[in-house]
Amino acid sequence: MTQPKPTKNRISKKAASFTESVIREMTREAMKYGAVNLGQGFPDFAAPEDIKQAATEAIAADRNQYAITWGTKDFRDAIVKKTKWFLDLDVDAETEITVTCGSTEGMIAGMLATVDAGEEVVVFEPFYENYAPDAILSDAVPRHVLLRQTSDGWNFEPDELRAAFNERTKAIIICNPNNPTGKVFTRVEMEFIADLCKEFDALCFTDEIYEHIIYKDELQDGENPKSKIQNPKLIEHISMAQIDGMRERTVIVNSLSKTYSVTGWRVGYCIAPPDITNAIRKVHDFLTVGAAHPLQAAGAYALSLPESYYVELQKEYQRKRDFIVPILQNAGFKCDFPNGAYYVMCDISNFGFDDDVEFTKYLIREIGVAVVPGSSFYYDASLGAQQVRFCFCKKDETLDAAAERLAKLKTR
Ligand code: GLN
């Protein structure tokens, strides 16, 4: 029988308008070519034993059915305690928290819950690649504001940010500490952004999954002088919700993934004022019903770990950062020591490649190291055409293997 001629597009305009995740594609490429994977940001070392133990105990104790859709009571109570301790913010477990399947779901649920078609969302560029499809899926119109690499880190022009706000602006998305640049927004910058949000009655979505990964230690004798942060006292994690007048217009998006090295658990959460939380909970319920129940129980345990856990985490990542950045610089990449998160965004113009995708292919196939092409962090791909992103949340052996392979790279 002959098939009738198709009269409809089988794929929605929304789904057709974005590509697969480039970050995750690079992981598949790394596996295919046996490259050391410094692309996708996930630890290749084991998650802490006691956190794994808490998860297996929760399964054995039969916490295996749906949890309350917005999160188990013990996990929400732990989020309240931890947020009070770390950010000195009072949060109501009953009305202000939604536990989600990772911060990825938290961000899209937050946007679907608040943004109407045609409303604008301001996004700093380069941005974590999910924010672009998030805008499309929620019918938001993205307005991009460039972070430029300067001798003083990655910075935005205040006038450009101001010009991106108008009466249609619904929200701004900030990832702080920032993926992919490693920028940690200063108090002055946060206050400038906050003033714009208040002036234009805009919300702020703040992705704070790297809140514990910031580098503020002063140099010890004998350490690499280049790792010295110009003014370590300025490097502190500030949540937008801590800034005067912002608590009621901020959606904090956070997760267990990076802080506790469990990216595969997919457990995150949103903290937002009650009216917004109410809307996020509805969206979340019909998107996913809920996050994995036993892993929320383990999350309650993880969030009550003592301060020493976070101090150790920071130290470890600072050590890895101080190892990899000089290797990248010596190999010919132009980059600085990031102030936060576990990525290094590098300029590749010394290598003489037409663009980042060509260079990434070469690096994976010929040199044996996978990275993420810079263009995947930009709306305008040409802006990232001479950049790639490395991540360093990897075992020392992995970083050693990458260093050995990168030594084969030649500049032109
Ligand atoms: N946040 C990580 C990155 O930027 C992982 C992204 C993902 O694959 N969800 O690499």
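Each ligand, and each atom within it, is numbered from 1 in the order the structure gives.
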For this session: Determine, using heavy atoms of Lys258 and all atoms of ligand 1, whether some pair is separated by less than 4.0 Å.
Result: yes
Problem set entry | Near-ring test Tyr362/Phe353, centroid separation under 6.0 angstrom | yes
Problem set entry | Polar side chain donor-acceptor pair, Gln40 to Thr27, under 3.5 angstrom | yes
Exercise. With a 4.0 Å heavy-atom cut-off (strictly under), which part of Glu25 contacts ligand 1: side chain, backbone, both or neither?
Worked result: neither
Exercise. Using the benzene-type ring in the case of Trp, are the ring centres of Phe127 and Tyr379 under 6.0 Å apart?
Worked result: no
Exercise. More than 12 heavy atoms of other residues, nucleotides or ligands under 6.0 Å from CD of Glu404: is that the case?
Worked result: no
For this session: Compute the shortest N/O to N/O distance between Gln40 and ligand 1 and return yes if it is under 3.5 Å, no if not.
Result: yes
For this session: Decide whether an N or O pair under 3.5 Å exists between Ile209 and ligand 1.
Result: no
Exercise. Taking the six-membered ring of Tyr215 as reference, does the NZ or CZ atom of Arg321 fall below 6.0 Å from its centre and within a 45° cone about the axis?
Worked result: yes
Exercise. Among protein heavy atoms, which lies nearest atom 7 (C) of ligand 1, and at what distance?
Worked result: Arg24 NH1, 2.7 Å
Exercise. Which part of Phe377 is near ligand 1, with near meaning a heavy atom under 4.0 Å away: side chain, backbone, both or neither?
Worked result: neither
Exercise. Taking non-hydrogen atoms only, is Tyr343 closer than 4.0 angstrom to ligand 1 via side chain, backbone, both or neither?
Worked result: side chain
Problem set entry | Numbering as shown, the atoms of ligand 1 that approach Ile23 to under 4.0 Å (heavy-atom distance) | 3 (C), 4 (O), 10 (O)
Exercise. Closest non-hydrogen protein atom to atom 6 (C) of ligand 1, residue and atom name please, with distance?
Worked result: Tyr128 OH, 3.2 Å
For this session: Write down the atom of Ser349, the atom of Lys334, and the distance for their closest heavy-atom approach.
Result: OG-NZ, 3.2 Å
Problem set entry | Subset of ligand 1 atoms that lie under 4.0 Å from at least one heavy atom of Asn179 | 1 (N), 3 (C), 4 (O)
For this session: Heavy atoms only: give me the nearest Lys183-Glu189 pair and the separation to one decimal.
Result: NZ-OE2, 2.7 Å
Exercise. If you take all heavy atoms of Ala370 and Ala35, which pair is closest and at what distance?
Worked result: N-CB, 3.9 Å
Exercise. Does ligand 1 have any atom that is closer than 4.0 Å to a heavy atom of Tyr210?
Worked result: yes
